[in-house]
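The chain is numbered in sequence order, starting from 1.
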Amino acid sequence: MSDVTRILSAIEEGESNAAEQLLPLVYKALRRLAAQKLAQEKPGQTLQATALVHEAYLRLVDVENAQHWESRGHFFAAAAEAMRRILIDNARRRRSRRRGGEAKRLPLESLEAAVPASDDQLLAVNEALERLQSFDPAKAEMVKLRYFGGLTIPEAAQALGIAVTTANRYWAYARAWLHEELAAGGEAPSP
């Protein structure tokens, strides 16, 4: 049993200091995933990779709501899902009228209008992902791990407990389906 799996089991059993031991072991991998996702965001993103990792970690290792972690892969799949939810919540907050969501942001460096923020695109992807989840949860989980979690196909395959060739098929299908779904709604994602 790896150290991560052992500590996850200890957290599940309610050991108070186990959560403190977990963060140093998984921090670098979680930070890498967060940085990869945030690198895809448009300029002007106020959320930083460190903040995303910390928020996701706090949601995952909540001692009041102990969760069962079957493996290291299961933990990282849950981390990808937590990061997805945080990014979606953040996009919704920024888009809200109260926070100036209808206003166009202008870069300070120039007087030209900024490229439209990716919040609408992120929310469109999330809505399409929820539709995919309703009839094909496995492929939706693959998208969450790849798009929101930043995992490679082999890493996502390991997290899902499937073969890499199956993961490649899931990813190809999900990408094509999402592209068609988003194009039909006028929100086609950029490559």
Side-chain angles (χ1 to χ4, degrees), residues 1-15 18-41 47 49-91 122-123 125-178 189:
M1 184 183 312
S2 74
D3 288 340
V4 173
T5 306
R6 181 184 53 75
I7 293 172
L8 289 171
S9 296
I11 290 171
E12 180 184 338
E13 293 170 6
E15 287 187 30
E20 296 171 9
Q21 297 171 1
L22 179 64
L23 186 58
L25 294 176
V26 298
Y27 185 80
K28 188 180 271 186
L30 290 176
R31 179 90 169 62
R32 182 181 52 90
L33 293 176
Q36 286 173 349
K37 176 56 191 147
L38 290 174
Q40 299 170 359
E41 295 289 317
L47 191 62
T50 302
L52 182 58
V53 168
H54 290 200
E55 181 66 28
Y57 184 78
L58 289 174
R59 289 184 184 190
L60 292 170
V61 191
D62 183 5
V63 291
E64 294 177 9
N65 298 323
Q67 298 179 25
H68 175 70
W69 307 110
E70 296 172 10
S71 66
R72 183 179 192 272
H74 182 223
F75 176 78
F76 282 104
E81 175 66 13
M83 288 182 192
R84 179 184 76 88
R85 289 181 181 179
I86 291 165
L87 289 170
I88 294 301
D89 290 345
N90 195 37
L122 183 63
L123 293 172
V125 169
N126 186 57
E127 290 168 8
L129 187 57
E130 288 173 357
R131 288 191 294 275
L132 179 61
Q133 178 80 30
S134 69
F135 70 87
D136 201 335
K139 290 179 181 79
E141 190 63 28
M142 174 61 73
V143 173
K144 290 175 190 177
L145 293 172
R146 296 272 296 137
Y147 186 81
F148 292 100
L151 271 64
T152 64
I153 288 181
E155 290 170 336
Q158 182 181 9
L160 292 173
I162 59 175
V164 173
T165 54
T166 303
N168 279 316
R169 283 195 317 271
Y170 282 13
W171 179 239
Y173 174 85
R175 283 182 55 204
W177 187 90
L178 285 171

For the atom pair [atom1] ([X]) and [atom2] ([Y]), what is the distance rounded to the nearest 0.5 Å?
X    : Y    : atom1 : atom2 : answer
M83  : K144 : CE    : NZ    : 15.0 Å
I86  : H54  : CD1   : NE2   : 11.5 Å
L160 : K139 : CG    : NZ    : 11.5 Å
E141 : Q133 : CD    : CD    : 7.0 Å
N126 : R85  : CG    : CZ    : 9.5 Å
L145 : I153 : CG    : CD1   : 11.5 Å

Closest non-hydrogen atom pair between [X] and [Y], with its separation:
X    : Y    : value
A167 : A157 : CB-CB, 3.6 Å
P154 : V164 : CA-CG2, 4.2 Å
A140 : L129 : O-CD1, 3.6 Å

**Report entry** Contacts of type side chain to side chain contact (heavy atoms under 4.5 Å, CB included), residue R175, not counting sequence neighbours
**Finding:**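 Applying side chain to side chain contact (heavy atoms under 4.5 Å, CB included) to R175 gives W171.
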Across all chains, not counting sequence neighbours, the side chain to side chain contact (heavy atoms under 4.5 Å, CB included) partners of A138 are D136, Y170
Might you work through the side-chain contact (heavy atoms from CB on, under 4.5 Å) test for E81 and R84, ending with a clear yes or no?
CA-CA 5 Å; E81 175 66 13; R84 179 184 76 88; 2.8 Å; yes
Would you say that more than 12 heavy atoms from the other residues, nucleotides or ligands in this model lie under 6.0 Å from the CD of E155, or not? yes
